[in-house]
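Notes for the one structure printed next.
Naming: A, B, ... by sequence-line order, numbering from 1 per chain.
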Amino acid sequence: MSGLLLLIQYTLIFSAVLILVALGGMFSERSGIINLGLEGIMVFGAMAGAMVMVLLPSDASKFTIIVLTLLASALAGMLSSLLIAVACINFKADQTLIGTAVNMLATAAATVIIKAFNTIRSNGADFSAKLDYVRGHDAFVFYIGKLQISWFIVVAAILLVCAIVFFYKTKLALRIRACGEHPQAADSVGINVYAMRYIGVLLSGFLGGLGGIIYICAANSTWHFDYGVAGAGFLALAVMIFGQWKPERIAWSAVLFALFRSLSNVYMGIGFLHALPISGTVYNMFPYIVSLLVLAFTSQNSRAPKAEGIPYDKGQR
Amino acid sequence: MEDYVIEMLHITKEFPGIIANDDITLQLKRGEIHALLGENGAGKSTLMSVLFGLYTPEKGVIKKDGKEVKINNPNDATDLGIGMVHQHFMLVDIFSVLDNIILGSEPSKLGFLTKAEARKKVMDLSNKYNLKVDPDALIEDITVGMQQRVEILKMLYRDNDILIFDEPTAVLTPQEIDELMKIMKDLAAEGKSILFITHKLNEIMEVADRCSILRKGKYIGTVDVANTTKEELSSMMVGRNVKFAVDKEEAKPTNEVLKVENVCVKSKIHANDSVHNVSFNVRAGEIVCIAGIDGNGQTEFVGALTGLDDISSGKITLCGEDITKKSIRYKNTHGMSHIPEDRHKHGLVLDYSLEENMILQRYFEPAFQKGGMIKKKEMREYSDRLTKAFDVRSGQGAVTKVRSMSGGNQQKAIVAREMDRDHELLIAVQPTRGLDVGAIEYIHKEIVKERDAGKAILLVSLELDEVMNLSDRILVMYEGEIVGEVDPKKTTLQELGLYMSGAKRDDGREAK
Amino acid sequence: MQAKESFFKRPGVQTLLASVLCAVLGIIIGFIILWFMNAEHATEGMGAILTNFFKYRIASTTTLMKYMGSFLVNSVPVILCAEAILFAYKAGLFNIGAAGQYAVGIIASLYTSLALGWNWFFCLLAAIVAGGVWGLIAGIFKAYFNVNEVIAGIMLNWIGLYICNIILGGEACMNQSKSETYDISEVNPSGLLPGFMQEFFGGNQYMTIAIPLTVIVAIIILIVLNKTTFGYELKATGHNKEAAKYAGMNAKRNIMLTLLISGAIAGMASGLFYLTGIEHYKIASSVPGMGFTGIAVAFLGGLNPIGTIFAGLFVEYITLGGQYLNTNYYNPQVADLMIAIIIYLCGFVLFFKTILNRPGKVKVNANAEPENTAKKEV
């Protein structure tokens, strides 16, 4: 396969991950909660999805595998996002601290759970934190010509369209956005700020969970859960800022970041890039350096949701 | 029998230590514009909060169309058709005008917004009441005047028929005020009933049918505007009796300490200047007061003077030295003391102890540090000396966290700190805000003592009693400009009231 | 006003109580998890975690002391990262970039000792400077470009990690066949930190001056924060930015200086760890967890420099305890899970403390009106 084809393939799948997770972050922040725990939510989603893929009987249809895997991931993501919602909305905890805690919790919990899971399945022979899901992984793949496409990409594209429509066209999204900007104003017209913030965080759980399973299926059919998701959640946060908390711009910046991210995977296959005296690690760094510099030039008038990070107290009107 | 749409009968609302509303009765007729007049702290906001369901009164009943109703939260108020234009607009900056209007009562089908329908309703209302708005413009891009029209449309969109305007003109330009007055008249003509909270007499004379006056939490009376004069309203608002007299001698001003020339400050919320061409001087040994109604540029002017905010043009001279562009630290150490308007925001670090707050601008001086280490003993001694001299009371003395102290003692601590610092000029902004009588008297006495010790004092106050009693010269600020200078011994509260409400000005320009 | 607050109302006592509560709750939840995984051996498992290396007390005191030494050595980076985060937090900055500052500290210390063959003192200094520079970059972005320090920190974490992989992955530092950096003791013994009480700790060769230095750093931070004008400024800024401005303090300078120092402490953390030789650097695909654990330790330690030492020891003790679990029934990461739960609980503790500390009903009076209107044109 030519390097360029591979580049497109990787870019597409990484875009899918970043789009979904960044959209998740966007919904959470738009409702007023900074979600630094996306990384952890992804881990939980990935874990649940991978376990479903492993557990499904070998004669399960592709369709069953796809549906159940996605469902499990989304559900796990939402459950884990509740950890953030309860602490940050009801108990007004420091959102940065809670996000960090959820990230640590996720990696540790996933490791423990997968190891226990493996131990039980293998009757004590295998206690690694690794899952093999070749069959599940293959279920998601189809080809257009020579280009390998994953159903994940299709799902992400559909969800992106849904998110854009939802974000701009629905009553609920309008209310969520109002709560992230001016919760007092929302409250003054009878909107339940707490409920809207719960919905925002749960949406981020839903999308983050899906992003998690796609991430570990992107280029792999096995995953070591003690590694977490290696910063993909944080990269998605950068994509979100870069996309100025708007779904369509997030989509474009995700593609841009994904392209940079993919270069490190495939640069060896692309003649002129391989010829450059640059190691793959430098390509890894690219998205971060670029985003840092761009943030420097855009942050003076960056438009983060105004009320994000500030717990809403109903009493203080 | 009169046709009252809303009646608030014998409302009493107490807060610990103070009665904010003492047996107040307010009756709003259908289709009238009813002004609610009173000074800052007269209890207007409390009364409106009761009506809007934010506070529950201890005594009294509210009737809608003659039937008693319970209003426990803003949603109840909305259900009764009561709408309010808040003083701080409740608008989402990055939303369009239309989105702001429909927020919370969005027309939708299966969860999807059906904005066409909403847009038609909004545009109809907009045309009917001559409330010109661009439905697709973002709030952050439109003028404050248009933002206010959006707030009005929000109420109309919800079919509210009792409209409360909380100090709606405070942030508007004169032209916008004219427009608003016309809109209010149109609304009343259409059968809406309007409660108009203000302390600008001209506006009342122009639009209101009746006016109820509150003073210090008490109901003074309700008059028909057609049968009254500005002078009468003014004296009802401020009362005739000056309560706290301050004993002081004639001022003996000497050399000029502060000179302000043509200072302008750009507004952060509208295109005009919030402070425009302000010039005056303050001499050693006199108290000069900037009087005026809240929101007329005093805060911005003090910000520019002290360095907390940017100054856009003009020159400030302190003791002969141009300090216009100097840092706050420089001003602090070269003769300027400042009792800030908001003691919690600026004046104190609430989580610091009393002694730590006492050296807030002096911690780097050799008296309090050596080699970068704070001299704890000196700090303690200094704090103890000041707290004793100024009778600042606290739970555990110097180590008390300031947050746990009462407002009066917090303020006294600031006054003590600012007066003890080496200074030629004391800027005191609202130095007695929220304090009880004893503390007020005490602080007033200290300020006079300062004057007699040869310091120059710039007092900025909203309290007319304080202005009249304390100052040697009064400058009145109105819409960012000094509109008049009066001698407190020769003027009356009524005259002052006319200046403050823009009805009179020294330069003879037609009052707005 | 009462003259004396009750014992339990004292802030220090409350902080301590809150942290202990978190730790105990974490252990209880950990026990429940063990019980779910294998009910039969749960008590035994928790016992193993809590007994930890003290099980060697039966074998011999020397062995016990040796393990104790390694435990202390391993605690150093966690404690120092936590001190770095705490220091910035006191000034109102969330230095999530400690992980990256720690990473560049690893680069500087290992490169100077392995590739350049410097003396330990200069290697340590290089680590401190590198961490400081990394922190300063975040500070500059914050002060001059208004980039949130959390976001800038996260970006710099990854950049730092990859630079670390590039530089230390080269042949000058890394044994390509073992995929880990060379032993400092073989390549450049002068690059190792001087020993400290090695005999006392059962001849543990990794016991170095890192241990006392850590305690000294904590004490210095305590002094700087509580006794100096600089600490006075930083805390004032952290508590109330507006009041700090009113008092004439220089916000931009303080932001940069704070992150510079915080970064330097994080850089020192890696220097004091890697220059003992106890650990080799291996190519990593994720940012060093030390920076994140540090956040937890700082909060668990009640944001007090000395409390942080104990919190760090506790966290390291539990982490280490995971390795003593019987792997037939459990896996060591249960300990990490317990730590994570404890941190999560820390978020709630701040809430409980506010409730406890809330002064009596705040007085509202009729004059509340001007208080509100004053903010109009802000």
- Please assess B:Val265 against B:Asp310 for the test side chain to side chain contact (heavy atoms under 4.5 Å, CB included), listing each intermediate value before the final yes or no. CA-CA 7 Å; B:Val265 178; B:Asp310 293 332; over 6 Å; no
- Any residues in residues 218-238 of chain C near chain B, with a heavy-atom distance under 4.5 Å, and which are they? C:Ile223, C:Asn226, C:Lys227, C:Thr228, C:Thr229, C:Gly231, C:Tyr232, C:Glu233, C:Lys235, C:Ala236
- Listed by chain and number, what are the salt bridge (Lys or Arg N to Asp or Glu O under 4.0 Å) partners of B:Glu418, not counting sequence neighbours?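 Only B:Arg421 meet the salt bridge (Lys or Arg N to Asp or Glu O under 4.0 Å) criterion with B:Glu418.
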- Task: Please name all residues satisfying salt bridge (Lys or Arg N to Asp or Glu O under 4.0 Å) with B:Lys218, sequence neighbours left out, ordered by chain then number.
- Result: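 In terms of salt bridge (Lys or Arg N to Asp or Glu O under 4.0 Å), with neighbours along the sequence ignored, B:Lys218 is linked to B:Asp22.
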- Using non-hydrogen atoms only, which part of B:Glu356 is less than 4.5 Å away from chain C: side chain, backbone, both, or neither? both
- Message: Report which part of B:Leu350 has an atom under 4.5 Å of a heavy atom belonging to chain C: side chain, backbone, both, or neither.
- Response: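 Neither part, no heavy atoms under 4.5 Å.
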- Query: If we only count heavy atoms from C-beta on, is the C:Val297 to C:Ile79 side-chain gap below 4.5 Å?
  - Reply: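 A side-chain contact under 4.5 Å is absent here.
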- Message: Do C:Lys142 and C:Ile151 make a side-chain contact, defined as non-hydrogen atoms from C-beta onward lying under 4.5 Å apart?
- Response: no
- Task: Examine C:Tyr344 together with C:Phe348 and report whether their ring centres are nearer than 6.0 Å.
- Result: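 For C:Tyr344 and C:Phe348, the ring centres are under 6.0 Å apart.
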- Message: Just to verify, what does C:His239 make a ring-ring contact (aromatic ring centres under 6.0 Å, His included) with, not counting sequence neighbours?
- Response: B:Tyr352
